[in-house]
Amino acid sequence: MSDLLQGLNPAQRRAVEAISGPVLVLAGPGSGKTRVLTHRIAHLIQTAGVDPLNLLAVTFTNRAAREMRERLTTLVGKGVAMALTVGTFHSLCARFLRRDIVYLERARDFVIYDSDDQERLVRRMLHDLNLDVKQYQPRSILSRISSAKNELVSPTEFSRINRGYRDEVVARCYQRYQVLLREANALDFDDLLVETVRLFEQHPTVLAHYQQRYHYMLVDEYQDTNRVQYVLVQQLAAQRRNLFVVGDEDQSVYGFRGADVRNIRSFEQDYPEAQVILLEQNYRSTQAILDTAQAVISADAGRKHVKQLWTENSAGIHVALYKGYDQEAEAAFVADEIVQLVASGTFTMRDCAVLYRTNAQSRALEEAFSRRGLRYQIIGGIRFWERKEVKDVLAYLRFAANPFDSVSLTRILNWPTRGIGERTEIELARWAAQLGVPLFQALKELDNEHAASPFSARTINILRSFLCLTEELNAACRQLPLVQFIAHLLERVPVRETLVREYKTNEADERWRNVEELSNVANRYSALPLEEQLPTFLEEVALVADVDKLDQMADAVTCITLHQAKGLEYPAVFLVGLEDGLVPHSRSLDQRDQLEEERRLLYVGMTRAKQRLYLCHAGRRMSFGHTATTIRSRFLEDIPPALIKSPMRQRAVAAVPQLGIAGRNSGTATNREVARASVVAMPPTKPSAANTVPARLPQKPRVVTFFAGQRVAHTRFGEGVVVSSRLIDGDEEVTVSFTDRERRLLAELAGLVRVEA
DNA sequence: GACCAGCCGTTTTTT
DNA sequence: ACGGCTGGTC
């Protein structure tokens, strides 16, 4: 028997051992899904003798891919782990295209446009098409185009099936947008997938190559696949049908980008011979957290596969519900509570995470944390690669690598300002269109004597020297290693001086540091062959998500959106802004399916917590510059009141974290409040190897009311016998032996009653 | 073409 | 409340 199966429950074991054929694993949160995936891969390699080169694993984030490789390194060794193909759909497709794009008769040094690049392109396009940017918002047009692409609807098909005038405009934009992308030798995120599907469709030999190479395919977070990804999976797995997908309908939260739960729901129809395995045991959360999360998700009427999650973990303490006066009070509570948790010695800062719906909510937290000197890391928001100065320098790199990239060209044309304004830019574009050549080609034509250019002598001079610069950079990027090329670029282009001129001293310094950081990152690509350094660097810059850089070792509180938190877990989790309008988000209120997605999002957030879960909301919140009163999230109403507790804010307690609080408060506070206060008021015990159990029980004012041997009754589980009882943070946890098995329950919460023998 | 003042949108969520 | 953009002026 392989070591790999040790410590797995029967369901996990079946999933790991299933050698061939399609397998659908429906995995609840915290059910050891990641473990199953990695152990299965290791098992295939070690027991079934599968060559790691024949394995393809698709993860949801690059971070998950990296972690999977790390785990596999410890299981099967580095060489084997590196031989395996792991990545996100996007990075895998980029890799496939780089290798095989010659079949699409296009250069393999395509650039990947991010949403900012897309928007610039669309703005220019709207201008060319004489369309009003106000009336046809680039964002909304792009989102229409994106969903068309995700559904594999081509521009031609789109114009055939569209309805109404607006759609006609979108159809024209879609058509033109694709032309512009191709002219720029650029692919957007969706193109990476769509073009790969097309490549496989039109060149069966290419598809056959991958089908033969990858004997086994594993896909994580299958509920989040959209149509293109679904088709890709079908294509790649069609030959061998050794497809192993893992997912959870209840955690489907990417509908807005085309994810379709039907993909996972119809798996059994797509593969009638499929094995279906349910992972229902939760190893992550306390019973109290799991019960509360279940209460929220159970109210979702549309569920198909209903899993019965259970856990053997301790009951834990109640989920806390906190209402702050406004967002500052909410943030202050979170910050103070984290201080308390850390002071108690049971939690470190890296154990704590704050989850919110929108990135904008991080600001109040940031302020509260820095005021208290709490270290924190904010994931998401304005990403490093999206900062203006970084993108500007990046544009030089991209343009040097691919002169067809017109978005980058227009970006650097007058940055640093060299006397080329909007008018010249438009003239240049018009002239290029007239000559029927790409923008950069039009620049070259300036040297051509008989080309009658529309520019003044002064402008021509400026444009010539700009052309000279870019040609020189273009040559340099092919000859120099990436790091040296960037150094060279920063010599030739006065980036620092420009930043100093554009911003106040402090901000200029900050921005210059970001530029320097860019060259630091570039350093990591030094080991690659010279001609691969720049393209690889640019590709990873485009595809790396913020959550990929999450530093789990940093001793800092993590602040992150609910979406990005998927797949992560923390001992203590704070969910903030649980108000109608945020969770569920106001844009989702009018549509049933979107509303249910918001519910699942909350469920995802709640199930990140291992030991402590705080549900927070504010009575008033400032948004769009003015304050409005709020209603707490409708989803909170689905939680039975018995499952949650409202912690009292005890500022005096926070200031004096010592014993004796109960006595001081006893005059005014009720017993319940005293009990809670003592939870908050634990003396700061330093964790030490000698004293692993925190000394906290002696100060509890409450005593156990159940004793071993007593007969008790529970509404759901029936009659049982008490095995033991103990106090945890003022809550009595009773272990009861029922007819089927032992369960740990919170006496107060479970409504346990003693019965006469 | 550069500079300044006032205005407007921002806030869903992401590869 | 803020930062980026627009439109006006020099």
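The chains referred to below are lettered A, B, ... by the order of the sequence lines, with proteins before strands, and numbering in each begins at 1. Because the structure is a prediction, the values reported are computed rather than measured. Side-chain atoms are counted along with the backbone in the values below, which use heavy atoms only and exclude waters and symmetry mates.
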**Q** Would A:R98 and A:F110 count as a cation-pi pair here, with the cationic atom under 6.0 angstrom from the ring centre and within 45° of the axis?
**A**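 Verdict for A:F110: a cation-pi partner in A:R98.
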
**Q** For A:D114, which contact category applies under a 4.0 Å heavy-atom criterion: base, sugar-phosphate, or nothing?
**A**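 Nothing, no heavy atom under 4.0 Å.
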
**Q** I need the CE-C1' distance between A:M622 and C:dC2, as an integer number of Å.
**A**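 So the CE-C1' distance, A:M622 to C:dC2, works out to 11 Å.
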
**Q** Could you measure between the two P atoms, the one in C:dC5 and the one in B:dT11, and give it in whole Å?
**A**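 To the nearest whole Å, 13 Å.
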
**Q** Categorize A:Q564 for me: base, sugar-phosphate, or nothing, with a 4.0 angstrom heavy-atom threshold over every strand shown.
**A**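 Counting heavy atoms under 4.0 Å across all strands, the contact made by A:Q564 is with sugar-phosphate only.
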
**Q** Given B:dT14, is OP1 or OP2 found less than 4.0 Å from the side-chain N or O atoms of A:T561?
**A**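 True: A:T561 side-chain N/O within range (under 4.0 Å) of B:dT14 OP1/OP2.
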
**Q** Give a yes or no on whether A:R262 atom CZ has more than 12 heavy-atom contacts from other residues, nucleotides or ligands under 6.0 Å away.
**A**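 Check fails, neighbour count at 12 or below.
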
**Q** Could you give the CZ-to-C1' distance, from A:R387 to C:dG3, as a whole number of Å?
**A**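 Distance check: A:R387 CZ to C:dG3 C1' gives 14 Å.
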
**Q** Among B:dT11, B:dT13, B:dT14, which nucleotide has an atom closest to any side-chain atom of A:R257?
**A**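 It is B:dT14.
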
**Q** Given that A:R418 and A:R357 both sit by DNA chain B, which one's nearest nucleotide is further toward the 5' end?
**A**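 Result: A:R418.
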
**Q** Are the ring of A:F256 and the six-membered base ring of B:dT13 within the stacking cut-offs of under 5.5 Å and under 30°?
**A**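 Given the distance and angle limits, yes, they stack.
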
**Q** Looking at every non-hydrogen atom in both residues, tell me the closest pair between A:R599 and A:V296 and how far apart they are.
**A**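 Looks like NH1-O, 2.9 Å.
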
**Q** Hey, which of these two, A:T459 or A:Q118, hits DNA chain B nearer its 5' end, going by closest nucleotide?
**A**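 Looking at DNA chain B, the more 5' nearest nucleotide goes with A:T459.
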
**Q** Under the 3.5 angstrom rule, does the side chain of A:N359 hit a backbone N or O of A:G380 as a donor-acceptor pair?
**A**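 Answer holds: no.
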
**Q** Does the A:T410 side chain pair with the main chain of A:V407, one donor and one acceptor, at a distance under 3.5 Å?
**A**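 Yes, the answer is positive, given that a donor and an acceptor are paired below the 3.5 Å cut-off.
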
**Q** Could you state the atom-to-atom distance from CZ of A:R139 to P of B:dT14 in whole Å?
**A**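 Rounded to the whole Å, the gap is 13 Å.
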
**Q** In whole angstrom, what separates A:Q327's CD from B:dT11's P?
**A**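 Nearest whole value for this atom pair: 16 Å.
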
**Q** Would you mind reading off the distance between A:L193 atom CG and B:dT15 atom C1', rounded to a whole angstrom?
**A**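 Taking CG of A:L193 and C1' of B:dT15, I get 8 Å after rounding.
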
**Q** Can you identify which nucleotide, out of B:dT14, B:dT11, B:dT15, has its nearest atom closest to the A:F189 side chain?
**A**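 For the A:F189 side chain, the nearest candidate turns out to be B:dT15.
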
**Q** Any base atoms under 4.0 Å from A:T358, or only sugar-phosphate, or nothing? Heavy atoms, all strands.
**A**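 A:T358: backbone/sugar contact only, no base atoms under 4.0 Å.
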
**Q** Between atom CG in A:L568 and atom P in B:dT14, what is the gap in whole Å?
**A**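 It works out to 13 Å between those atoms.
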
**Q** Pick base, sugar-phosphate or nothing for A:Y254, based on heavy-atom distances below 4.0 Å to the nucleic acid.
**A**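 Since only primed, P, OP1 and OP2 atoms lie under 4.0 Å of A:Y254, the category is sugar-phosphate.
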
**Q** Quickly work out the A:Q229 CD to B:dT14 P distance and round it to whole Å.
**A**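 Roughly 16 Å, once rounded to whole Å.
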
**Q** Using OP1 and OP2 only, check whether a side-chain N or O of A:N414 sits under 4.0 Å from B:dG1.
**A**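 For B:dG1, OP1/OP2 do not have a side-chain N/O of A:N414 under 4.0 Å.
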
**Q** With a 4.0 Å cutoff (strictly under), does any side-chain N or O of A:N62 reach OP1 or OP2 of B:dT15?
**A**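 It does not, given that no N or O in the side chain of A:N62 lies less than 4.0 Å from OP1 or OP2 of B:dT15.
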
**Q** Taking the minimum atom-to-atom distance to the side chain of A:R458, which one of B:dA2, B:dG1, B:dT10 wins?
**A**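 Between B:dA2, B:dG1, B:dT10, the one nearest the side chain of A:R458 would be B:dG1.
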
**Q** Expressed in angstrom and rounded to an integer, what is the separation of A:N226 atom CG from B:dT15 atom C1'?
**A**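 Interatomic distance, CG of A:N226 to C1' of B:dT15: 10 Å.
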
**Q** Counting only side-chain nitrogens and oxygens, does A:T424 get under 4.0 Å of the OP1 or OP2 atom of B:dG1?
**A**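 Yes, such a contact exists.
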
**Q** Parallel, tilted or perpendicular: which describes the rings of A:Y614 and A:F574, with under 30° parallel and over 60° perpendicular?
**A**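 Ring orientation, 0 to 90° scale: parallel.
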
**Q** Which part of the nucleic acid, if any, lies within contact of A:S115, taking any heavy atom under 4.0 Å across all strands shown: a base, the sugar-phosphate backbone alone, or nothing?
**A**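 No contact.
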
**Q** Quick check for you: among B:dT15, C:dG4, B:dA2, whose closest atom lies nearest to any side-chain atom of A:T88?
**A**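 So the side chain of A:T88 is nearest to B:dT15.
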
